[in-house]
Amino acid sequence: MFRSIRNAIYSVYCIRDQFPKYMSELLLEEEEMGALFAVRFRYVIGFALIASAFANLSNIDTIWGYLVNFIAISFYFMNTFVHLHILKKKDSKWKTKYDYISLLVDNVLITMTILNWYWIKGDGNPNYLVKTPLLIFYLLPLSLCLFQYRFSLVVFSFVCFLISYYSFITAALLDPDAQISLDWTSYVLGDDIILLDALVSKPVIFLILVFAISYGIFRSLRMLLKFAASETQKTTLSRYFSPDLVSEIVSDPEVIGKGKRQKVAVLFSDIRGFTQFSELLDPEELSVFLTEFRRRMVRVIFQNKGSLDKFIGDAVMVTFGTPLPSDIPGEDVKNAVNAAYAMLNELKLWNEERKSQGQVEIKIGIGIHSGEVFCGSIGSEERMEYTVIGDTVNTASRIESACKEIGSPLLISEVVWEEIGKPSAWHKNEGVLLPGREQKINLYAYQNV
């Protein structure tokens with residue numbers, strides 16, 4: 001039991017160790033903003049303390065009482081002003097250190113105020129120190145720690161309270177005038193104290209509040225960690241899957257974690273004459289060109305529910321029906337063909353822009369095939385990637401390679417042609433022998449390009 005409690009406390013107070021570096025930096029920025037808010041809020045508390053001091057002027061009989069009260073309030077505002085000034089400095093090394101100094105000053109001022117009222121109204125009874133309602137003011141610096149997501153501040157403030165409170169109890173016990181009894185009425189309405197209750201009750205209540213604030217900070221940090229992990233996952237997945245698929249994958253991560261066999265449509269595309277074209281460009285120009293080409297192609301691919309499998313130089317491999325196949329038979333194949341139409345149209349628009357700028361025209365070849373593949377995360381522990389493998393993938397790649405020989409920018413297999421309804425806008429090329437295959441297949445070339 002004690003081990004589980006210890007582990008739970010450890011997990012709460014060491015959650016920051018789970019944060020990657022960039023998130024730790026963001027959290028530090030949020031802590032600084034929280035510290036600024038807390039310090040500004042201290043002014044509100046300060047004015048409330050002034051109002052309370054004025055409300056109790058009738059209970060102060062000596063000049064000393066007036067001086068201590070208002071000197072304490074003046075020090076409170078001075079501490080607040082200094083703290084705010086330090087926080088506003090960008091590179092101040094005192095930012096974190098002064099958080100603790102400020103808490104210490106607050107607790108000392110509360111202690112001085114309690115002692116002042118004891119001297120004024122305590123009538124020499126040391127039990128006043130233990131029973132005074134002013135002890136509730138120790139909750140103020142403790143509660144302000146919540147704004148900064150730092151467990152250490154909460155613990156430090158609690159320790160300051162314990163030192164002051166048990167110092168009061170010690171002073172009461174050492175005083176011969178202290179009245180100790182077991183009578184609850186005398187404890188609540190009289191001058192006596194029940195020692196056991198004094199030793200335990202208030203510290204336990206403060207301890208519960210410490211745990212509550214700490215757990216509130218922990219939940220906030222854990223939620224931030226989960227949110228950041230989810231956003232990182234979405235950002236990563238959005239590079240390969242359409243937005244609709246990303247949402248489904250995030251809600252059920254096992255979709256891409258488990259390997260399975262399923263029917264998909266595979267699209268390959270590459271740039272014609274890219275080797276010769278790239279020789280005319282320096283590396284920076286080539287990088288800009290490929291980035292723009294990929295951006296345009298991926299955009300229309302995602303619009304047609306395609307999943308980017310990988311870039312291979314100037315080539316693009318895209319799958320349709322991964323990781324989740326469509327519930328409508330043949331829709332994945334239709335999406336693949338529609339994506340090919342969109343890629344050719346996008347390329348046409350880009351070529352018009354390039355011509356107006358005096359740049360050469362770009363041509364691509366697209367091949368599509370449909371069939372069963374194995375899809376899942378493949379690789380080593382160091383690097384995993386979600387991909388598809390199988391004869392369908394190889395065939396789609398070979399079909400794309402045949403575009404140049406047949407003289408068409410878009411070729412599909414007979415299986416694909418049949419699944420999209422055998423449209424007449426396609427020219428049949430019978431008995432094409434693809435490299436690496438023994439059997440000839442029929443390919444269909446789109447004629448309305």
Side-chain angles (χ1 to χ4, degrees), residues 22 232 234-243 246 265-320 322 336-369 378-379 382-389 393-412 434-436 445-446 449:
Y22 79 95
T232 300
K234 284 183 178 180
T235 301
T236 302
L237 291 172
S238 64
R239 299 173 184 172
Y240 304 98
F241 301 101
S242 63
V246 168
V266 181
L267 179 152
F268 271 89
S269 170
D270 78 350
I271 299 174
R272 291 285 165 260
F274 178 74
T275 302
Q276 293 81 1
F277 172 76
S278 62
E279 290 175 353
L280 303 175
L281 303 176
D282 62 41
E284 185 177 350
E285 291 175 331
L286 183 60
S287 174
V288 171
F289 167 79
L290 283 176
T291 299
E292 178 64 12
F293 172 75
R294 291 174 176 178
R295 183 188 68 81
R296 289 173 175 268
M297 295 299 107
V298 169
R299 183 181 62 206
V300 296
I301 287 167
F302 284 172
Q303 288 173 356
N304 289 277
K305 301 181 180 180
S307 300
L308 178 63
D309 189 287
K310 60 175 66 72
F311 288 113
I312 312 168
D314 62 306
V316 184
M317 176 181 168
V318 185
T319 57
F320 295 82
T322 58
V337 175
N338 288 334
Y341 294 156
M343 290 170 70
L344 292 173
N345 287 333
E346 182 66 27
L347 184 66
K348 181 180 179 181
L349 295 174
W350 192 31
N351 276 329
E352 290 175 358
E353 294 179 16
R354 290 179 60 83
K355 287 179 181 178
S356 65
Q357 297 170 3
Q359 297 175 332
V360 298
E361 184 178 351
I362 302 300
K363 295 181 179 180
I364 63 172
I366 303 174
I368 304 174
H369 186 45
I378 299 172
E382 290 76 17
R383 187 179 188 278
M384 300 287 289
E385 66 173 353
Y386 183 84
T387 189
V388 297
I389 56 175
V393 178
N394 298 331
T395 302
S397 177
R398 301 290 191 275
I399 292 174
E400 185 277 320
S401 299
C403 287
K404 184 176 181 181
E405 180 183 339
I406 293 176
S408 173
L410 175 56
L411 289 176
I412 61 175
L434 298 176
Y446 188 54
V449 178

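Note that this is a predicted model, so its numbers are computed, not measured. Values below: every heavy atom of this structure, side chains too, minus hydrogens, waters and symmetry copies.
If you take CG on Leu308 and CZ on Arg294, they are separated by 9.0 Å, rounding to the nearest 0.5 Å. Residue Lys310 holds its NZ atom at 9.0 Å from OG1 of Thr319, rounded to the nearest 0.5 Å. Separation of atoms CZ (Phe293) and CD1 (Ile362) is listed at 8.5 Å; rounding is to 0.5 Å.
A donor-acceptor pair under 3.5 Å is formed between the side chain of Asp282 and the backbone N or O of Glu284. Side-chain atoms of Ser287 never come within 3.5 Å of backbone atoms of Pro283 as a donor-acceptor pair (strictly under, hydrogens ignored).
Taking the charged nitrogens against the carboxylate oxygens, Glu292 and Arg295 do have a contact shorter than 4.0 Å, which makes a salt bridge. Under 4.0 Å is where a charged nitrogen must lie from a carboxylate oxygen, and between Arg272 and Glu405 no such pair does.
Nearest heavy atoms, Ile368 versus Ile366: CG1-CG2, 4.2 Å. Taking all atoms of both residues into account, the shortest heavy-atom contact from Ala336 to Ala265 is CB-CB, 3.9 Å. The shortest heavy-atom contact between Pro409 and Leu344 is CB-CD2, 4.1 Å. Residues Gly367 and Ile399 share a closest heavy-atom pair of CA-CG2, 3.8 Å. In terms of heavy-atom proximity, Arg354 sits nearest to Val360 at NE-O, 2.9 Å. The shortest non-hydrogen separation linking Leu267 to Phe320 is CB-CE1, 4.0 Å.
Aromatic ring pairs are classed by plane angle as parallel below 30°, tilted from 30° to 60° and perpendicular above 60°; the pair Phe277 and Phe289 is tilted.
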Before you tell me yes or no, could you show the steps for Met343 and Leu410 under side chain to side chain contact (heavy atoms under 4.5 Å, CB included), namely the whole-Å CA-CA distance, both residues' side-chain angles and the distance that decides it to 0.1 Å? CA-CA 10 Å; Met343 290 170 70; Leu410 175 56; over 6 Å; no

What verdict does the side chain to side chain contact (heavy atoms under 4.5 Å, CB included) test give for Phe268 and Val316, after you've listed the backbone C-alpha separation in whole Å, the side-chain angles of each residue and the deciding distance to 0.1 Å? CA-CA 6 Å; Phe268 271 89; Val316 184; over 6 Å; no

Please test Thr275 against Glu279 for side chain to side chain contact (heavy atoms under 4.5 Å, CB included), starting from the C-alpha separation and ending with a verdict. CA-CA 7 Å; Thr275 302; Glu279 290 175 353; 4.2 Å; yes

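Legend: residues meeting salt bridge (Lys or Arg N to Asp or Glu O under 4.0 Å) with Lys363, ordered by chain and number and at least two apart, are absent. Among residues two or more places apart in sequence or in another chain, the salt bridge (Lys or Arg N to Asp or Glu O under 4.0 Å) test is passed with Arg299 by Glu346.
Residues Tyr446 and Ile412 fail the side-chain proximity criterion, which asks for heavy atoms closer than 4.5 Å. Side-chain contact between Ile364 and Phe274 is absent, with no heavy atoms from C-beta onward closer than 4.5 Å. Using a 4.5 Å heavy-atom cutoff, the side chains of Met317 and Ser397 are not in contact. A 4.5 Å side-chain heavy-atom check between Thr322 and Asp309 finds every atom pair outside the cut-off.
Other residues, nucleotides and ligands place more than 12 heavy atoms under 6.0 Å from the CD atom of Gln357. Heavy-atom neighbours of Gln359 CD from other residues, nucleotides or ligands within 6.0 Å: above the threshold of 12.
With Leu347 as reference, Asn351 is the one residue of Leu349, Asn345, Asn351 to meet the side chain to side chain contact (heavy atoms under 4.5 Å, CB included) rule.
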